[in-house]
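First up is the structure itself, then whatever we jot down about it.
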Protein chains: 2
Amino acid sequence: MAAREQRQVTSDAGLTKQRVVAEAIKLADREGVEGLSMRQLARELGAGAMSLYHYVPNREKLLDAMIDIVFEEIELPPEGTDWQSAMRRSSVSARQVFARHPWAIGLMDSRTSPGSAHLRHREAVTACLRRAGFSVLMATHANWLLDSVVYGYALQEANLPFDTADEFADMAEDVYLPQLPPGEFPYLNESAAALVTAGYDPAEEFIFGLDLALAALEPLRDPA
Amino acid sequence: MAAREQRQVTSDAGLTKQRVVAEAIKLADREGVEGLSMRQLARELGAGAMSLYHYVPNREKLLDAMIDIVFEEIELPPEGTDWQSAMRRSSVSARQVFARHPWAIGLMDSRTSPGSAHLRHREAVTACLRRAGFSVLMATHANWLLDSVVYGYALQEANLPFDTADEFADMAEDVYLPQLPPGEFPYLNESAAALVTAGYDPAEEFIFGLDLALAALEPLRDPA
DNA sequence: CGTACTATCGTACGTCGTACGATAGAGTGT
DNA sequence: ACACTCTATCGTACGACGTACGATAGTACG
């Protein structure tokens with residue numbers, strides 16, 4: 001009873017699978033996946049560690065569930081516009097989601113069966129492409145390519161040692177450029193120096209690649 | 001002395017950083033990163049767990065070193081051909097390497113500072129692009145896009161629940177198609193069915209996306 | 001024959017995922 | 001009222017993990 005009251009102080013509701021998974025995502029956003037332990041998560045929820053196992057069979061399944069919630073956050077390609085606008089919108093949304101949950105990208109490669117939100121997303125994307133006049137096989141190609149662009153940029157972005165363009169500009173001259181001596185890395189040094197003056201925005205970088213891919217796919221549609 | 005003899009039976013040489021890292025990669029290839037523990041790795045080397053710490057400061061640094069060896073395996077873009085052939089060759093090599101070491105992709109997102117092999121690779125790629133007539137900024141764009149294609153396809157490939165085209169064909173009808181009922185996922189069902197008959201090769205899928213990206217970048221070069 | 005240095009590793013601590021079983025409350029039938 | 005079952009909660013404990021600390025033994029050099 002006292003325990004329940006204390007639980008209510010920190011979390012003010014009974015445990016549910018949704019609450020467990022949602023809190024796990026919050027925790028992973030804050031601390032990374034390595035910082036997400038069952039004990040810590042339980043503490044966050046004001047519960048005992050073993051209580052979680054009534055809502056989630058084990059940590060792996062919890063991670064699966066977290067990934068699927070992440071996919072739920074991705075906007076589906078809207079109907080009623082041209083396919084490029086629709087796919088751009090969905091892809092931009094996906095990139096934002098993965099930027100918000102950087103742990104999700106690294107988690108994906110060990111999880112081999114897609115969750116239901118993932119499947120729903122894929123279905124909507126495929127529908128959009130097919131309706132735009134891509135053949136079945138070409139829609140598959142386009143799907144792979146566009147997903148690669150999203151995942152690839154998200155992965156590279158997660159690797160960056162800085163988060164914003166400003167942060168990059170701040171640290172570039174003192175920290176990054178010295179690691180790229182012109183003798184050993186003339187081209188990288190030149191690039192880094194140019195980026196300092198030009199500014200640097202991963203989101204714009206992504207749009208460049210995405211639009212190039214979309215434009216390259218355009219002529220591969222069958223005539224509508 | 002007896003211990004040393006036994007060590008020599010299983011590993012026949014003194015410990016070195018190279019040997020430790022190489023064995024760690026072999027172990028990760030076999031068991032995945034989660035299966036790579038310091039104790040297991042030491043056992044594999046016929047040594048005590050703590051002995052590893054004379055060659056590697058901790059597990060994180062070991063993972064960094066492993067990633068860098070992986071980058072060393074990637075072929076650099078050769079000089080003396082057109083830029084597209086050179087980049088295609090290097091990218092295909094990179095995809096093969098990541099297919100051989102699937103754990104490497106998932107590891108990258110937590111490692112923020114590139115190792116020396118990674119830097120050397122980026123330098124060579126940038127050099128290739130700059131010599132082909134891309135401006136400094138355009139070379140950066142191209143670099144991001146091409147890396148995204150490599151990482152993105154590698155990541156998706158690592159997610160596939162099957163490894164080869166044959167294995168897909170074997171399991172598709174019994175396992176995958178039933179998970180995609182035509183009522184709920186008409187388009188995905190159609191795609192999967194088409195892929196069963198058309199055959200399915202991730203390597204070809206990659207080439208499609210890569211060549212599309214290369215072709216899309218071609219007109220962005222400055223005149224040579 | 002010391003004296004210093006390097007490589008090896010045994011032990012121990014704190015943390016992890018989680019199996020097992022205890023408990024307590026709620027619901028239901030009599 | 002009581003017995004029963006069901007659900008949710010969690011304390012305890014086990015084996016594996018990364019690794020700090022300090023002991024040891026072998027080698028190099030004065």
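Just so we're on the same page: letters track the sequence lines, and every chain starts at 1.
Every residue meeting the side-chain hydrogen bond (donor to acceptor under 3.5 Å, both in side chains) condition with B:His101, not counting sequence neighbours, appears here in chain and number order: B:Asp29, B:Glu73. Looking at residues two or more places apart in sequence or on another chain, you find a side-chain hydrogen bond (donor to acceptor under 3.5 Å, both in side chains) between B:Arg111 and B:Glu60, B:Asp64. With sequence neighbours excluded, the residues satisfying side chain to side chain contact (heavy atoms under 4.5 Å, CB included) with B:Glu190 are A:Arg130, A:Val136, B:Tyr187.
Per the geometry, CE belonging to B:Met50 stands 15 Å off P belonging to C:dA7, to the nearest Å. The interatomic distance linking B:Tyr53 (OH) with D:dG18 (P) rounds to 6 Å, in whole Å. Going from atom CD of A:Gln40 over to atom P of C:dG14 covers 18 Å, rounded to whole Å. Computed from coordinates, the A:Lys17 NZ to D:dA8 C1' distance equals 17 Å when rounded to whole Å. Between A:Leu41 atom CG and C:dT18 atom P there is a gap of 12 Å when expressed in whole angstrom units. Between the C1' atom of C:dC16 and the CD atom of A:Glu31 lies a distance of 16 Å, rounded to the nearest Å. The interatomic distance linking B:Leu15 (CG) with C:dA7 (P) rounds to 10 Å, in whole Å. Regarding A:Arg43, its CZ atom lies at a distance of 13 Å from the P atom of D:dC10, rounded to whole Å.
The side chain of B:Met38 has D:dG18 as its nearest neighbour among D:dG18, D:dA8, C:dT18.
A sub-4.0 Å separation between OP1 or OP2 of D:dA16 and a side-chain N or O of B:Ser37 is absent. For D:dC10, one of the phosphate oxygens OP1 or OP2 lies less than 4.0 angstrom from a side-chain nitrogen or oxygen of A:Ser51.
Remark: A:Glu31 CD is packed, more than 12 non-hydrogen atoms of other residues, nucleotides or ligands lying under 6.0 Å away.
Within the structure, the side-chain hydrogen bond (donor to acceptor under 3.5 Å, both in side chains) test picks out the following pairs touching residues 142-152 of chain A (sequence neighbours left out): A:Arg122-A:Asp147, A:Thr126-A:Asn143, A:Trp144-B:Tyr200, A:Ser148-B:Gln156.
The stretch residues 58-67 of chain B does not touch DNA chain C, since none of its heavy atoms comes less than 4.0 Å from the strand.
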Donor-acceptor contacts, no H, no angles, side chain residues 174-184 of chain B, under 3.5 Å, sequence neighbours left out:
none

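Between B:Lys26 and B:Glu23 there is a salt bridge, since a side-chain N of the basic residue sits under 4.0 Å from a carboxylate O of the acidic one.
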